Amino acid sequence: MSNNNSEEMVVTPWEVSGKIDYDRLIQEFGTQPLTPEILERIQKLTGDLHPQLRRRIFFSHRDLDWILQRYEAGEKFVLYTGRGPSGPVHIGHLAPWIFTKYLQDKFGAKLYFQITDDERFLYHDNFTMTEPRKWAYENALDLIALGFEPDKTRIIMDTKNMGAMYELALRIAKHVTYSTARAVFGFQDSTNIGLLFYPAVQAVPAFLESALVGHNVPCLIPAAIDQDPYWRVTRDVAPKLGYYKPAQVHCRFVPGLGRGGKMSASMPETAIFTIDPPELAQKKVLSAFTGGRATVEEQKRLGANPDICSVFAYEYFLFMDDSEIEELRFNCLSGNIMCGDCKQILAERVKKFLVEHQEKREKAKDNFEEYLFNPKDA
Ligand code: TYM
């Protein structure tokens with residue numbers, strides 16, 4: 001849980017730093033790569049492969065093949081994902097949610113979305129309950145703005161809904177020893193005891209549908225790979241409680257606009273927040289790190305490097321379709337386009353996206369209540 005300033009890769013739920021080697025993460029975390037066979041099966045079932053799958057932005061999984069097999073045999077699954085409300089949502093957070101929406105649409109799946117105001121209160125030394133509660137509401141608007149179905153989406157606010165979750169959290173907690181939790185999460189003597197219990201709370205929604213309907217329902221968790229430690233513990237406990245192990249599909253991190261590193265709220269100048277005024281977002285894009293050369297002449301002659309360019313990464317993760325991205329890569333490599341022009345193109349897209357998203361966020365205030373979890377309507 002300590003800060004790490006070196007290039008060494010650190011990926012935990014609280015810290016992502018260094019150069020991320022995704023193949024190594026698959027090995028170290030013991031997950032599986034997304035194979036062409038799995039993608040083919042999804043394509044067959046949905047008729048349409050999401051760009052985040054085609055581009056391997058979602059790159060790793062556990063038991064996704066099993067989820068598909070159950071689905072093919074007529075057993076529906078629920079989706080589960082979430083947010084720790086410590087501040088405004090940035091567009092990196094939206095990537096797994098956009099993908100989750102695709103899964104909801106294509107598989108008709110119910111979504112449990114957990115907002116962990118408890119986790120954020122416990123984690124941030126300077127937080128009272130006021131900050132995470134405020135951001136819980138604000139962040140929920142971002143989720144709703146993405147167009148999730150109100151009758152298939154249940155937003156759980158931990159401190160509000162703990163009554164419905166507490167018994168299950170206790171049953172989970174009883175099967176996780178301190179030594180396991182310390183090994184998985186890196187807890188130290190100075191860690192407060194609230195955080196020691198918290199992993200049981202994040203495990204609950206993986207079993208909630210099964211507990212509420214009284215029989216086992218498969219659960220698939222789409223999220224970036226930083227959340228994986230929680231699922232290792234959750235999966236260990238599942239058979240002890242008689243539940244299915246939840247499946248996961250993991251995505252890469254949308255980078256920040258600086259040189260390397262994931263988009264992170266702790267570096268606001270290189271993150272685009274969904275509530276940023278569009279002009280501010282434009283400014284951030286115009287100062288982004290690119291893979292350009294020192295001079296225009298050099299760039300025309302030698303081309304630039306899209307693989308280290310944050311502007312290219314944004315287009316790749318979130319905005320451009322396949323033919324546009326191919327064309328951009330070609331033009332970048334061959335020196336046909338200058339970084340300033342590229343930034344302008346992205347800035348326009350980001351601005352348009354923000355204007356539309358912010359309108360939808362405003363509208364979300366009117367039907368916010370419809371999305372809230374109520375144990376009676378499980
Ligand atoms: P949080 O708020 O840190 O992150 C919310 C979601 O965004 C993902 N994420 C990113 N995805 C792509 N690019 C990035 N730069 C990036 N940064 C963060 C995270 O993986 C996550 O999916 N403890 C959790 C809240 C939570 C949760 C869950 C998350 C509770 N239950 C179930 C996922 C699934 C948290 O603080 O997430």
Side-chain angles (χ1 to χ4, degrees), residues 11-17 20 22 25 29 52 55 57-60 62 78-101 103 111-124 127 132 135-136 138-140 142-143 146 154-159 161 165 169 172 185 195 198-208 219-234 246-258 260-268 270-274 310 313-314 316-318 373:
V11 176
T12 74
W14 302 287
E15 185 185 357
V16 176
S17 60
I20 314 284
Y22 289 100
L25 282 179
F29 287 4
Q52 293 195 33
R55 296 179 187 178
I57 291 168
F58 274 83
F59 71 104
S60 145
R62 277 204 193 89
V78 293
L79 294 162
Y80 162 39
T81 196
R83 161 75 179 145
S86 49
V89 159
H90 57 60
I91 64 176
H93 296 125
L94 296 186
W97 302 352
I98 289 168
F99 182 67
T100 304
K101 164 84 168 59
L103 293 175
L111 166 67
Y112 282 107
F113 189 87
Q114 182 181 37
I115 303 195
T116 59
D117 50 352
D118 50 350
E119 175 194 23
R120 292 300 149 168
F121 167 70
L122 291 165
Y123 181 70
H124 295 281
F127 269 19
W135 290 115
E138 292 291 329
N139 296 174
D142 284 297
L143 182 85
L146 294 179
R154 289 292 160 260
I155 298 179
I156 298 169
M157 304 259 187
D158 280 353
T159 58
N161 298 125
M165 297 199 292
I172 294 163
F185 296 102
L195 281 173
Y198 173 74
V201 178
Q202 186 154 327
V204 167
F207 307 134
L208 196 55
C219 171
L220 173 63
I221 307 174
I225 195 149
D226 59 333
Q227 298 299 309
D228 193 68
Y230 287 111
W231 318 135
R232 275 177 250 152
V233 172
T234 309
Q248 286 89 56
V249 58
H250 304 106
C251 70
R252 297 169 198 260
F253 301 106
V254 177
L257 287 167
K262 76 157 191 150
M263 183 172 289
S264 166
S266 58
M267 288 183 286
T270 58
I272 292 170
F273 296 104
T274 59
S310 69
Y314 267 64
Y316 187 79
F317 271 84
L318 289 161
F373 172 68

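Note that ligands are numbered from 1 as they come in the structure, with each ligand's atoms numbered from 1 the same way. Heads up: numbering here begins at 1 and tracks the sequence. Remember, predicted model here, so these are calculated numbers, not experimental data.
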Residue pair Q114, V204: steps toward the side chain to side chain contact (heavy atoms under 4.5 Å, CB included) verdict: CA-CA 10 Å; Q114 182 181 37; V204 167; 5.5 Å; no

Note, P222 side chain near W97 side chain (heavy atom, < 4.5 Å): no

W231 ring center near F29 ring center (under 6.0 Å): no

Ring geometry between Y230 and F185 (parallel below 30°, tilted from 30 to 60°, perpendicular above 60°): tilted

Proximal protein residues to ligand 1, non-hydrogen atoms under 4.0 angstrom: Y80, T81, G82, R83, G84, H90, G92, H93, P96, Q114, T116, E119, R120, Q202, I221, A223, A224, D226, Q227, W231, R252, F253, V254, K262, M263

Aromatic plane relationship, Y123 with W14 - under 30° parallel, 30 to 60° tilted, over 60° perpendicular: parallel

4.5 Å side-chain heavy-atom contact, I57 and Y316: yes

